[in-house]
Colleague: 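Below is a structure I'd like to ask you about.
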Amino acid sequence: MNVAERAKKFDAKLIKLYPDAKCSLDYNNPLELLVATILSAQCADARVNKVTKDLFAKYRKAADYAGADIEELERDVRSTGFYRNKAKAIKSCCADLVVKHGGKVPDTMDELTALQGVGRKTANVILGNAYNMAEGIVVDTHVGRIALRMQFSSVKNPDKTEKALMELIPKKEWTAFSHRVILFGRETCQAKKPQCASCPVTNLCPWPDKTSD
DNA sequence: CTCCCGATAT
DNA sequence: ATATCAGGAG
């Protein structure tokens with residue numbers, strides 16, 4: 001079976017397993033999703049949701065973050081880790097929103113990735129979920145790991161992995177595909193202890209050594 | 001490549 | 001104790 005066929009069957013199986021897969025970060029508008037996604041770096045989204053519950057009540061507009069006291073904002077996001085970088089990114093990024101975008105979150109890849117603390121992964125999350133205009137595929141730690149194990153990509157580089165996946169997955173599936181793979185990564189194909197014995201797609205998986213990458 | 005970094009599971 | 005969690009910047 002070639003890689004295109006395996007990818008097709010892999011996603012078909014995930015669709016059956018996770019027909020309702022969606023973004024698991026809590027948000028009600030593009031700004032909230034932007035902030036939540038910045039906070040989600042190397043942090044479980046359940047924890048991000050705990051933090052944003054209070055954060056979104058306190059900071060309602062981009063100008064609120066832009067004008068925030070940095071040390072107070074650091075305390076507000078502290079439990080998500082990397083809190084100094086994240087607070088700085090949110091403040092500086094929201095200052096840009098106010099100055100360059102009228103306080104709104106832009107909807108193009110170039111404008112999004114020009115913001116402080118926003119890379120391709122974060123931009124893809126916003127474009128796909130807040131604007132329903134995916135320009136690519138979200139490659140986070142789960143998607144990257146599973147693309148390697150499934151040999152959909154031959155290199156760890158997230159940008160190259162994304163390109164490889166874009167060739168294998170139909171564009172209209174891009175956003176939901178990431179959600180499905182992330183759920184699959186959390187529940188079955190974990191980084192440390194993958195559940196190969198009970199894996200629903202083990203017949204499509206070429207990863208021979210189930211104990212290491 | 002390294003650094004940023006707390007919370008959680010094992 | 002250690003690895004991992006919806007990464008990005010220098």
Colleague: Please give, in whole Å, the distance from C:dA9 P to A:Asn85 CG?
Modeller: 10 Å
Colleague: Looking at every strand, decide which applies to A:Ser24 at a 4.0 Å heavy-atom threshold: base, sugar-phosphate, or nothing.
Modeller: base
Colleague: How far does the P atom of B:dT10 sit from the matching atom of C:dA6, given to the nearest Å?
Modeller: 14 Å
Colleague: Can you tell me which nucleotide in C:dC5, C:dA6, B:dT8 comes closest to the side chain of A:Val138?
Modeller: C:dA6
Colleague: Counting only side-chain heavy atoms from C-beta out, which of B:dG6, C:dA6, C:dA3 sits nearest to A:Ser79?
Modeller: B:dG6
Colleague: Any side-chain N or O of A:Arg47 below 4.0 angstrom from OP1/OP2 of C:dC5?
Modeller: no
Colleague: If you check the A:Arg78 side chain, which of B:dC5, B:dA7, C:dA3 turns out closest?
Modeller: B:dA7
Colleague: 5'-most contact on DNA chain B: A:Gln42 or A:Lys193, nearest heavy atom basis?
Modeller: A:Gln42
Colleague: Checking all strands, does A:Gln116 fall into the base, sugar-phosphate, or nothing category for heavy-atom contacts under 4.0 angstrom?
Modeller: sugar-phosphate
Colleague: Distance check needed: C:dA6 P versus A:Asp45 CG, whole Å only.
Modeller: 5 Å
Colleague: Within this structure, what is the OH-CG distance for the pair A:Tyr18 and A:Asp20, rounded to the nearest 0.5 Å?
Modeller: 12.5 Å
Colleague: Expressed as a whole number of angstroms, how long is the span from A:Lys91:NZ to C:dA9:P?
Modeller: 18 Å
Colleague: Identify, between A:Thr37 and A:Leu115, the residue whose nearest nucleotide on DNA chain C lies closer to the 5' end.
Modeller: A:Thr37
Colleague: Regarding A:Val118, tell me which of base, sugar-phosphate or nothing describes its non-hydrogen contacts under 4.0 Å with the strands shown.
Modeller: sugar-phosphate
Colleague: Please determine which of A:Lys91, A:Lys58, A:Lys53 meets the salt bridge (charged side-chain N to carboxylate O under 4.0 Å, His left out) test together with A:Asp76.
Modeller: A:Lys58
Colleague: For nucleotides B:dC5 and C:dG10, find the distance between their P atoms and express it as a whole number of Å.
Modeller: 14 Å
Colleague: OP1 or OP2 of C:dC5 sitting under 4.0 Å from any side-chain N/O of A:Thr141?
Modeller: yes
Colleague: What is the distance, to the nearest angstrom, from the CG atom on A:Asn49 to the P atom on C:dC5?
Modeller: 17 Å
Colleague: Write down the distance between CZ (A:Arg145) and C1' (C:dA3), rounded to a whole number of angstrom.
Modeller: 12 Å
Colleague: NA contact type, A:Phe82, heavy-atom cut-off 4.0 Å: base, sugar-phosphate, or nothing?
Modeller: base
Colleague: Consider the side chain of A:Leu25, meaning its heavy atoms from C-beta on, and name the nucleotide among C:dT4, C:dA6, B:dC4 that approaches it most closely.
Modeller: C:dA6
Colleague: I need the A:Met109 CE to A:Glu135 CD distance, nearest 0.5 Å.
Modeller: 5.0 Å
Colleague: Quick one: A:Glu74 CD to B:dG6 C1', roughly how many Å, whole number?
Modeller: 14 Å
Colleague: Any donor and acceptor pair, going by atom type alone, linking the side chain of A:Arg180 with main-chain N or O of A:Leu14 inside 3.5 Å?
Modeller: no
Colleague: Quick check for you: among C:dG8, B:dG6, B:dT10, whose closest atom lies nearest to any side-chain atom of A:Thr122?
Modeller: C:dG8
Colleague: Check whether any side-chain heavy atom of A:Tyr131 sits under 4.5 Å from a side-chain heavy atom of A:Val105, and report yes or no.
Modeller: yes
Colleague: In whole Å, I'd like the distance from the CG atom of A:Asn157 to the P atom of C:dG8.
Modeller: 13 Å
Colleague: Below 4.0 angstrom from OP1 or OP2 of C:dT4, is there any side-chain N or O of A:Arg186?
Modeller: no
Colleague: To the nearest angstrom, how far is A:Tyr83 atom OH from C:dC5 atom C1'?
Modeller: 18 Å
Colleague: Would you say the rings of A:Phe10 and A:Phe184 are close, in the sense that their centroids are separated by under 6.0 Å?
Modeller: yes
